[in-house]
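Quick note on labels: first sequence line is chain A, next is B, and so on, each numbered from 1.
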Amino acid sequence: MSQPSPGRPGRTTGVHENIHSVVRRIPSGRVATYGQVAAFEGSCTPRMVGYAMASIPSGSDVPWHRVINSKGTISLSPGSDGQQFQRAMLESEGVVFDERGRVDLKLFGWNGPGLKRG
DNA sequence: AGATTGACTGCAT
DNA sequence: CATGCAGCCAATC
């Protein structure tokens, strides 16, 4: 796998790559919050995650649609193309949305690669 | 070089 | 549930 950033976890730049890698680890049918991704990445903040998401080009292999905010809702504006795409994509993976467009994080929330069934 | 922004989070009111 | 405030730090102008 390409590793554009050298083995320096303390590096500030290149956070996108790290975040993208973490997002890529989110299994299908699961969603993770920005805070979770940030916490799992280990050295970035939710802000950086959101920024990295916006930096993901279309066609990327990063399942950015599996990243939502702590409220279990899609951060993008409701009605926006990206928002509709994200919701449609999640539903297609088995994620169920509430009538108000919310996801139950305790059902579909990603617990990290350490958790396998439960 | 400084100022502004941003797909966030958490707590208080 | 809406609003306000503080913390976070890279990207952008």
Exercise. For the side chain of A/Ser21 and the backbone of A/Glu17, is there at least one donor-acceptor N/O pair under 3.5 Å apart?
Worked result: yes
What protein N or O atoms touch nucleotides 1-5 of chain C N or O atoms at under 3.5 angstrom, if any, and at what distances?
residue: C/dC1; atom: OP2; partner: A/Arg100; partner atom: NH2; Å: 2.2

Exercise. Which whole-number value in Å describes the distance from A/Met48 CE to B/dT5 P?
Worked result: 15 Å
Exercise. How does protein reach along nucleotides 7-13 of chain B, written 5' to 3' as B (base within reach of a heavy atom under 4.0 Å), S (only sugar-phosphate), or - (no contact)?
Worked result: BBSS---
Problem set entry | Gap between atom CZ of A/Arg100 and atom NZ of A/Lys71 - 0.5 Å precision | 11.0 Å
Exercise. Has A/Arg102 got its NZ or CZ under 6.0 Å from the middle of the six-membered ring of A/Phe97, at an angle within 45 degrees of the ring axis?
Worked result: no
Problem set entry | Whether A/Gln36 side chain and A/Thr33 backbone form a donor-acceptor pair below 3.5 Å | yes
Problem set entry | Same apolar cluster: A/Ile19 and A/Val62, side chain cutoff 4.5 Å | yes
Exercise. Salt-bridged, A/Arg66 to A/Glu93, with N to O below 4.0 Å?
Worked result: yes
Exercise. Hey, which of A/Val67, A/Ile26, A/Leu105 is the one that makes side chain to side chain contact (heavy atoms under 4.5 Å, CB included) with A/Trp110?
Worked result: A/Ile26
Seminar exercise, completed: For A/Phe85, the ring-ring contact (aromatic ring centres under 6.0 Å, His included) test, sequence neighbours excluded, returns A/Trp64
